Amino acid sequence: MCGIIGLTGDGGALDAILDGLRRLEYRGYDSAGVALADGGALWRERAAGGSHSVADLAAATAGAPPSRAGIGHTRWATHGSPTVANAHPHLDCSGRIALVHNGIIENHAALAASLAARGHVFTSETDTEVLVHLLEEELAGGAGLGDAMRATLRTVRGAFSVVALAASDPELIVAGRRSVPLLAAFGGGVGFVASDVSALLGRADRYYALEDDQVAEVRPGRLRVTDDEGREVVPTAVTVDPSWDVVAAQKGGFDDFMSKELHEQPRAVADTLLDRRGADGSIVLDELRLSPYDLRGVDKLVLVACGSSFHAGMVAKYAVERWARLPAEVEIASELRYREHVLHERTLVVGVSQSGETLDTLEALREARRAGARTVVVSNVVHSTMAREADGAVYTRAGPEVSVASTKCHLAQIVALQVLALALAQWRGTMGPAAIASVLDEMQRLPGAVADALSRKKEVDEVADALGDARDFFFIGRNLGYPVALEGALKLKEISYLRAEGYPAGELKHGPLALVEPGTVVVAVLDPLRDKMRSNVAEAAARGATVVSVAADGDRNAVGDHVLRVPTVADPVLAPVVEVVPLQLLAYSLARRLGNDVDRPRNLAKTVTVE
Ligand code: AGP
């Protein structure tokens, strides 16, 4: 997720762009840049300053020429590290077209190869740069910038919003999108485009949402929107809540970041899956930086992580063992460090960390490297310390997560790890191309299934109401349902401060059952061992527990006082991605009923850099 702003017709274009970028920083902040129309040329400046890139950019633009039009970008890196060279805007070979982009271009590698063969010179590692070279070819062929954008977007696959500016027509800003939101707007005679309303509050008073594959041509006071065939269409007007301030707008109409991030989960899963299949159908993990040759002697995989990331690692263990037939262990990072572990050059250690900075996980990875193991990190932050130090990386593409309770990053971690497990299966020859393709096809259905699970919030709210003032919760599951139960318990305790423990369902009778009494709530994840789970549920119900179960739509014999239904997922290894959603919603609902600040729960921090 990146932030985009473009404007035309404002004598103070640079100030307005920098102001917009500051407000968009919550969407990404590892680098930032601006391009301005400068007479018959373009002027560009970029900065890559970690969390203060926009401030650095503002300082670097002190000598900018006066300009009435420009485009700006604040980046959350997905392809290529957060360097100045990778920062947007990107320029074509002539330096006369500038472009900013949010999203992922799936077929960038093939496009880059053919553009390079036609003489284009690339200056970045991004997937974005192909777009500006494609525009360059269209303009060279005589197209205007609007037609050039339409033709370019026809050749690319993926999810994106893009905005371009060309020296040849300096009053014109052209924008297009697919699956990633983008607004056009006006305030007085000034025309704008932006990723979201927060960038434009106080400047614009008329807003229009671009639809998929539409192209907007924005000039001072004028908007022309066309569909993918070039037919002019009536732009979709949007009403902006007059009470919104910048923070409210950043929350996009949700009450808090947690609910916004919950609803961003389908996108986070879809983006994490984009771009993982090569032209021949095989798995491609660009930044893994390890080949089958490097991994040929690996005889064990160890996943290290904390909290929700640990639970994602637990889900992955099943995928690695089932698909790649490789022994897999999951370790709490803070425990691995001080154990007499048996790690060596034949061990692949995978650190799972949303932030990539959690000290326990970082030190566990360092320990593994000292022992000679190869290390890979699954992280949401491309420039994080873990990502820099590890031998390879697989990035989740969830965009910044603001709420302390991890939701969209947790789901993205699970699917990223599952793709890694498929890559290992491919290299080890434990799954053939057809079997891998069939799992990948099933994974493509996950964003829709997650959206479906989210749409059932009302039913979850009703269960939360029915639970009244319950204070004691057990979350139980077996096999792949066990990490889902653990994550449900963690989410609940974290934001509601209610006592919630996760257990393997079979363990209940070995001790914790002594605590079950009328008033205790047992949340049971029924799949994948639903028959076995039925007897564990019966044990709890017999002691007076209120049972809430998570069951697939297709489970006709689901047990429990309340049943939270989820869409059926054909492959049980993938089902946790969907099953965890009602448990996130339940935690959210109960926490809100208690009046808690769900984004900033007491005693906790988003990134834990202490031992
Ligand atoms: C999850 O809701 C938590 N806030 C926490 O458990 C988190 O997952 C853990 O601290 C690990 O963080 P990381 O993924 O950034 O390493």
Side-chain angles (χ1 to χ4, degrees), residues 51 76 256-262 264-265 268 272 303-316 330-337 349-366 375-390 393-417 475 483-498 500-502 580-581 583-588 590-591 596-611:
S51 57
W76 183 257
D256 39 64
F257 281 105
M258 182 174 174
S259 50
K260 176 168 181 277
E261 288 161 7
L262 280 165
E264 286 171 351
Q265 294 189 114
T272 301
L303 296 129
V304 287
C306 310
S308 293
S309 300
F310 174 76
H311 302 151
M314 286 181 72
V315 175
V330 200
E331 286 264 359
I332 291 282
S334 53
E335 286 298 312
L336 181 129
R337 282 184 73 187
V349 177
V350 179
V352 189
S353 175
Q354 176 278 129
S355 60
E357 303 294 347
T358 301
L359 191 69
D360 289 326
T361 312
L362 177 65
E363 289 299 341
L365 285 172
R366 286 177 175 163
T375 58
V376 168
V377 65
V378 172
S379 180
N380 199 42
V381 185
V382 168
H383 60 288
S384 59
T385 309
M386 282 182 224
R388 289 198 308 272
E389 292 186 7
V394 181
Y395 294 114
T396 52
R397 295 161 181 162
E401 195 175 61
V402 176
S403 177
V404 167
S406 185
T407 53
K408 62 176 181 172
C409 284
H410 176 64
L411 260 59
Q413 286 170 340
I414 296 175
V415 294
L417 285 162
F475 286 71
V484 177
L486 289 179
E487 177 62 8
L490 178 63
K491 225 64 325 159
L492 184 62
K493 72 181 99 179
E494 194 175 19
I495 59 171
S496 72
Y497 320 142
L498 296 170
E501 299 306 330
V580 79
V581 173
L583 301 187
Q584 296 169 329
L585 293 174
L586 184 66
Y588 177 83
L590 288 167
N596 296 353
D597 178 346
V598 292
D599 285 340
R600 281 187 248 166
R602 68 185 185 198
N603 308 340
L604 302 178
K606 183 66 186 161
T607 303
V608 185
T609 50
V610 290
E611 264 200 272

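Everything numeric in this text was worked out from a predicted model, so none of it was measured. Counting convention: from 1, in listed order, for ligands and their atoms alike.
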### Task
Identify whether the distance between the nearest side-chain nitrogen and carboxylate oxygen of E389 and R366 falls below 4.0 Å.
yes

#### Entry: Proximity to ligand 1 by part of E494, non-hydrogen separation under 4.0 Å
side chain

### Query
Which ligand 1 atoms, with their elements, are less than 4.0 angstrom from a heavy-atom of S406?
1 (C), 2 (O)

### Atoms of ligand 1 close to K491 [distance to a heavy atom under 4.0 angstrom, numbered from 1]
1 (C), 2 (O)

### Task
Check whether any side-chain heavy atom of L262 sits under 4.5 Å from a side-chain heavy atom of L585, and report yes or no.
yes

### Query
What residue among I414, V352, L417, V330 forms side-chain contact (heavy atoms from CB on, under 4.5 Å) with M314?
V330

### Query
Would one find an N or O of T361, backbone or side chain, under 3.5 Å from an N or O of ligand 1?
no

#### Entry: Per-atom contacts of ligand 1 with A405, taking only distances under 4.0 Å to non-hydrogen atoms
2 (O)

### Query
Relative to the heavy atoms of S308, which atoms of ligand 1 are at a distance of less than 4.0 Å?
1 (C), 2 (O), 6 (O), 8 (O)

### Task
Report yes if the side chains of F310 and P483 come closer than 4.5 Å at any heavy-atom pair, otherwise no.
no

### Message
For a 4.5 angstrom cut-off between non-hydrogen side-chain atoms, does F475 reach V484?
### Response
no

### Query
Among the heavy atoms of V404, does any lie under 4.0 Å from an atom of ligand 1?
yes

### Query
Which atom pair, heavy atoms only, marks the closest approach of T361 to G351?
CG2-CA, 4.3 Å

### Message
So if I count the atoms of ligand 1 from 1 in the order they appear, which ones are less than 4.0 Å from some heavy atom of S353?
### Response
13 (P), 14 (O), 15 (O), 16 (O)

### Message
So is K606 touching ligand 1 or not, going by heavy atoms under 4.0 Å?
### Response
no

